[in-house]
Amino acid sequence: MSGLKDFVEAYAQKRGISKTQAEAEVRAFLDVLKAKLKEGGVSFKGILTLKKVLKKGRSGKCNGKEYTTEDKNSLKLTIGAELEQELNQ
């Protein structure tokens, strides 16, 4: 699995731009992506859909002690048909 540094290097090479410029573009994309996820989600047709979902808190017993957890937001990832087909070739 690649990290941000590897991704930026590959992006720079693909676009034929400097790593500094590539990092600025990737970070700008990630900022927009985060904003859209906060609003509810984003869909890239054929590739993937990321949707904000609410996970309900729980309560119960563990080792005789009662516990509760808070509700929290999480993400649901759905793979698009085009990406799924490429992954399975």
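Taking CG from Asn73 and NZ from Lys55, the interatomic distance works out to 11.0 Å, rounded to the nearest 0.5 Å. Going from atom OG1 of Thr78 over to atom CD1 of Ile47 covers 13.5 Å, rounded to the nearest 0.5 Å. To the nearest 0.5 Å, the span separating CD on Gln21 from CZ on Arg15 amounts to 7.0 Å. Between Lys36 atom NZ and Leu50 atom CG the span is 14.0 Å, to the nearest 0.5 Å. Going from atom CZ of Arg58 over to atom OG1 of Thr68 covers 12.5 Å, rounded to the nearest 0.5 Å. We find the CG-CD distance between Leu87 and Glu82 to be 10.5 Å, quoted to the nearest 0.5 Å.
Glu23 places none of its side-chain heavy atoms less than 4.5 Å from the side chain of Thr20.
Hydrophobic clustering (ILVMFWY, side-chain heavy atoms < 4.5 Å, transitive): Leu37 and Leu4 are in one cluster. Residues Val53 and Leu48 do not share a hydrophobic cluster, clusters being chains of Ile/Leu/Val/Met/Phe/Trp/Tyr side chains in contact below 4.5 Å. Residues Leu83 and Leu75 are members of one and the same hydrophobic cluster, defined by side-chain heavy-atom contacts under 4.5 angstrom among Ile, Leu, Val, Met, Phe, Trp and Tyr. By the criterion of side-chain heavy atoms lying less than 4.5 angstrom apart, applied directly or through intervening Ile, Leu, Val, Met, Phe, Trp or Tyr residues, Phe44 is not grouped with Val32; the two fall into different hydrophobic clusters.
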For Thr49 and Ser43, run side-chain hydrogen bond (donor to acceptor under 3.5 Å, both in side chains): C-alpha distance rounded to whole Å, both residues' side-chain angles, the deciding distance at 0.1 Å, then the answer.
CA-CA 4 Å; Thr49 299; Ser43 179; 3.1 Å; yes
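Other residues, nucleotides and ligands contribute over 12 non-hydrogen atoms within 6.0 Å of the CD atom of Glu9. Within 6.0 Å of the CG atom in Asn63, the count of heavy atoms belonging to other residues, nucleotides or ligands does not exceed 12.
Considering every non-hydrogen atom in both Ala22 and Tyr11, the closest pair reads CB-CD2, 3.7 Å. The heavy-atom pair separating Ser18 from Ala12 by the smallest distance is O-CB, 3.9 Å.
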